[in-house]
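Note that the coordinates shown come from a computational prediction; the quantities given were computed from them, not determined experimentally.
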Amino acid sequence: MEPFSCDTFVALPPTTVDNRIIFGKNSDRLCDEVQEVVYFPAAVHDNLEKHLKCTYIEIEQVPETYAVVLSRPAWLWGAEMGANEHGVCIGNEAVWGREKVCNEEALLGMDLVRLGLERADTAEKALNVIVDLLEKYGQGGNCTEGGMIFTYHNSFLIADRNEAWILETAGKYWAAEKVQEGVRNISNQLSITTKIDREHPDMRNYAKRKGWWDGKKEFDFAATYSYLDTAKMMSSSGRYYEGYKLLNKHKGNITFETMMEILCDKPSGINMEGEFLTTASMISILPQDSTLPCIHFFTGTPDPERSVFKPFIFVPHISQLWDTCSPTFELEDPVREKPHFKPDRRHLLYQKHQQALEEKAKTILDNIKKLEKELFKEMESILQNKHLDVDKIVNLFSRCTKDEIKIYTSNISS
């Protein structure tokens with residue numbers, strides 16, 4: 001399949017300023033799919049006999065889950081990207097290769113994103129959660145709502161305050177690369193080559209049995225499990241290489257604003273347009289100083305260039321983010337029961353964003369970018385002064401969303 005949809009990035013010191021790790025992702029999905037931003041508090045699960053219902057299958061629950069904020073296609077259980085209360089961030093990509101994709105319903109890669117966030121307080125522990133679940137339940141099932149069938153394997157970029165991990169899969173087989181400094185990105189192709197820090201115990205033997213590797217030359221995961229020529233991969237004009245170039249262009253001086261520029265970049269194809277487009281974006285600032293809060297920014301709307309990155313900080317007693325929550329429907333499973341039925345899942349922010357930008361794009365763009373700059377300044381002040389007003393922060397994302405909606409509403413009515 002032609003590789004399209006999604007790019008995820010991470011920059012670690014010394015390529016960043018102020019000793020911060022910067023994580024970013026564009027979620028590229030079908031152009032009419034709505035993505036919501038939702039919050040789930042930490043929870044204790046006493047009745048472990050009751051299984052957890054993911055998008056398609058049920059799995060065993062764990063005694064405790066962490067608080068998470070997620071950006072997800074509104075029809076499913078999992079998430080394209082998100083963060084948890086311990087500063088762990090995960091984004092996933094669709095990948096294809098020599099191993100056949102499973103059409104049978106199992107865990108989606110998006111389910112694995114949410115499960116990793118809910119069950120792990122470090123990046124490496126999240127990797128453990130994902131590969132253990134992959135081994136036990138497998139990955140597979142349709143990744144879209146409606147008539148189109150779209151299935152794939154997954155790669156993941158997992159980051160915390162100290163390091164990042166790249167996890168790439170082919171069916172149940174996988175390889176992982178640890179990233180402790182510099183920059184790294186993933187797109188819709190396998191990218192782990194000979195630097196493999198952890199792997200499925202049978203990954204190499206399986207490749208030998210399939211005739212993909214002779215067992216003599218140095219093992220290269222991407223070259224072995226992918227159809228792509230890895231020698232050409234880093235010199236092509238695809239999004240993976242374009243993202244790599246943009247990250248390296250700013251090495252040593254990467255900030256939140258740098259990551260935003262990369263996610264907004266249309267010539268590279270990273271800010272995607274067309275049948276598949278960038279339906280939502282996320283950026284996280286993860287200070288290595290544990291006395292500082294991690295700040296996670298979400299758009300909740302398509303095209304980051306025409307959206308507001310709104311901040312979210314984990315504090316106690318956060319309420320649900322109602323203005324970016326999609327409506328729910330009584331139909332338990334529209335994907336299975338009515339495969340061509342797509343209900344209207346537009347949340348309030350999405351509705352106002354789309355309507356306003358159709359009517360008065362230039363005026364509104366100026367106003368929302370002004371709001372965005374004010375928010376960045378406010379967040380930078382928190383990071384520099386180490387002062388966190390919890391009462392003000394508890395509804396931070398919701399307040400910013402309401403301010404954005406006000407801009408759209410006032411321009412629509414004027």
Side-chain angles (χ1 to χ4, degrees), residues 7 24-38 69 71-74 80-81 255-285 295-313 320-327 344-381 392 395-414:
D7 294 271
K25 171 169 173 165
N26 273 355
S27 173
D28 302 331
R29 304 277 301 171
L30 283 166
C31 61
D32 61 348
E33 184 181 75
V34 176
Q35 199 151 144
E36 60 179 355
V37 181
V38 289
V69 59
S71 185
R72 65 178 188 178
E80 277 279 290
M81 51 200 171
T255 63
F256 169 89
E257 288 84 357
T258 309
M259 189 64 75
M260 188 174 69
E261 286 176 22
I262 292 172
L263 297 186
C264 289
D265 192 87
K266 287 186 175 174
S268 65
I270 289 167
N271 185 3
M272 188 176 278
E273 298 179 285
E275 183 185 2
F276 268 65
L277 58 73
T278 298
T279 55
S281 304
M282 168 186 174
I283 299 174
S284 290
I285 302 173
I295 305 178
H296 312 284
F297 296 81
F298 296 90
T299 61
T301 50
D303 188 350
E305 195 176 38
R306 306 196 313 165
S307 297
V308 176
F309 282 89
K310 297 168 285 297
F312 178 99
I313 299 175
Q320 187 53 271
L321 317 177
W322 294 117
D323 291 333
T324 53
C325 279
S326 294
D344 185 354
R345 299 189 182 277
R346 294 174 301 160
H347 49 73
L348 182 61
L349 175 66
Y350 187 99
Q351 291 177 36
K352 299 300 182 184
H353 174 269
Q354 297 297 94
Q355 183 183 355
L357 288 177
E358 285 173 7
E359 294 191 8
K360 295 187 176 181
K362 179 67 175 70
T363 306
I364 291 169
L365 277 174
D366 290 343
N367 289 334
I368 64 172
K369 289 305 166 184
K370 182 181 176 184
L371 169 63
E372 197 172 55
K373 282 184 181 179
E374 290 170 357
L375 294 173
F376 299 164
K377 195 180 295 183
E378 184 181 342
M379 294 306 102
E380 189 59 40
S381 176
K392 190 176 180 182
N395 292 314
L396 174 65
F397 184 87
S398 295
R399 168 173 62 85
C400 298
T401 303
K402 289 186 184 303
D403 289 343
E404 184 182 357
I405 289 171
K406 281 180 189 174
I407 293 172
Y408 299 141
T409 305
S410 63
N411 279 274
I412 292 169
S413 58
S414 61

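In this structure, T279 and D28 have side chains that are not in contact, with every pair of non-hydrogen atoms separated by 4.5 Å or more. The shortest distance between side-chain heavy atoms of E33 and L277 does not fall below 4.5 Å. Using a 4.5 Å heavy-atom cutoff, the side chains of H296 and P311 are not in contact. Using a 4.5 Å cut-off on side-chain heavy atoms (C-beta onward), R72 and E80 make no contact. Contact check for C31 versus F276: no side-chain heavy atoms found under the 4.5 Å cut-off. Under the 4.5 Å side-chain criterion, counting only non-hydrogen atoms from C-beta, C400 is in contact with L375. Using a 4.5 Å heavy-atom threshold, the side chains of N271 and L263 count as separate.
Scanning for side-chain hydrogen bond (donor to acceptor under 3.5 Å, both in side chains) contacts around T324 gives an empty result, with sequence neighbours left out. Under the side-chain contact (heavy atoms from CB on, under 4.5 Å) criterion, S71 pairs with Q35, V37, M81, A280, F298, not counting sequence neighbours. With sequence neighbours excluded, the residues that form a ring-ring contact (aromatic ring centres under 6.0 Å, His included) with F297 are F256, F376. In terms of the side-chain contact (heavy atoms from CB on, under 4.5 Å) criterion, residue partners of L348 (sequence neighbours excluded) are, by chain and number, D323, K352, I405. Taking E305 as the reference, K266 meet the side-chain hydrogen bond (donor to acceptor under 3.5 Å, both in side chains) condition, with sequence neighbours excluded. In this structure R306 satisfies the side-chain hydrogen bond (donor to acceptor under 3.5 Å, both in side chains) test with no other residue, sequence neighbours excluded. Take D32 and apply the side-chain hydrogen bond (donor to acceptor under 3.5 Å, both in side chains) test, not counting sequence neighbours, and it matches K342. Among residues two or more places apart in sequence or in another chain, the ring-ring contact (aromatic ring centres under 6.0 Å, His included) test is passed with F397 by none. Applying the salt bridge (Lys or Arg N to Asp or Glu O under 4.0 Å) criterion to K370, with sequence neighbours excluded, gives no partner residue. By the salt bridge (Lys or Arg N to Asp or Glu O under 4.0 Å) test, E380 is found to be paired with R20, residues two or more places apart in sequence or in another chain being considered. In this structure, the side-chain contact (heavy atoms from CB on, under 4.5 Å) partners of T255, at least two apart in sequence or on a different chain, are V17, E257, T258. Listed by chain and residue number, V308, I364, L365, I407, Y408 satisfy the side-chain contact (heavy atoms from CB on, under 4.5 Å) test with I368 (two or more places apart in sequence, or in another chain).
Side-chain polar atoms of N395 and S398 form no donor-acceptor pair below 3.5 angstrom. One side chain, N26 or S281, offers a donor N or O that lies under 3.5 Å from an acceptor on the other.
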Would you check, one step at a time, whether the test side-chain hydrogen bond (donor to acceptor under 3.5 Å, both in side chains) holds for H347 with S326?
-> CA-CA 4 Å; H347 49 73; S326 294; 5.0 Å; no
For E378 and R399, what are the C-alpha separation, side-chain angles and deciding distance, and is it a salt bridge (Lys or Arg N to Asp or Glu O under 4.0 Å)?
-> CA-CA 13 Å; E378 184 181 342; R399 168 173 62 85; 3.0 Å; yes
K377 and E374: CA distance, side-chain angles, deciding distance, salt bridge (Lys or Arg N to Asp or Glu O under 4.0 Å) verdict | CA-CA 5 Å; K377 195 180 295 183; E374 290 170 357; over 6 Å; no
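The shortest heavy-atom contact between R345 and V34 is O-CG1, 3.4 Å. Between P304 and K369, the closest heavy-atom pair is O-NZ, 3.4 Å.
A donor-acceptor contact shorter than 3.5 Å is absent between the side chain of K25 and the backbone of M282.
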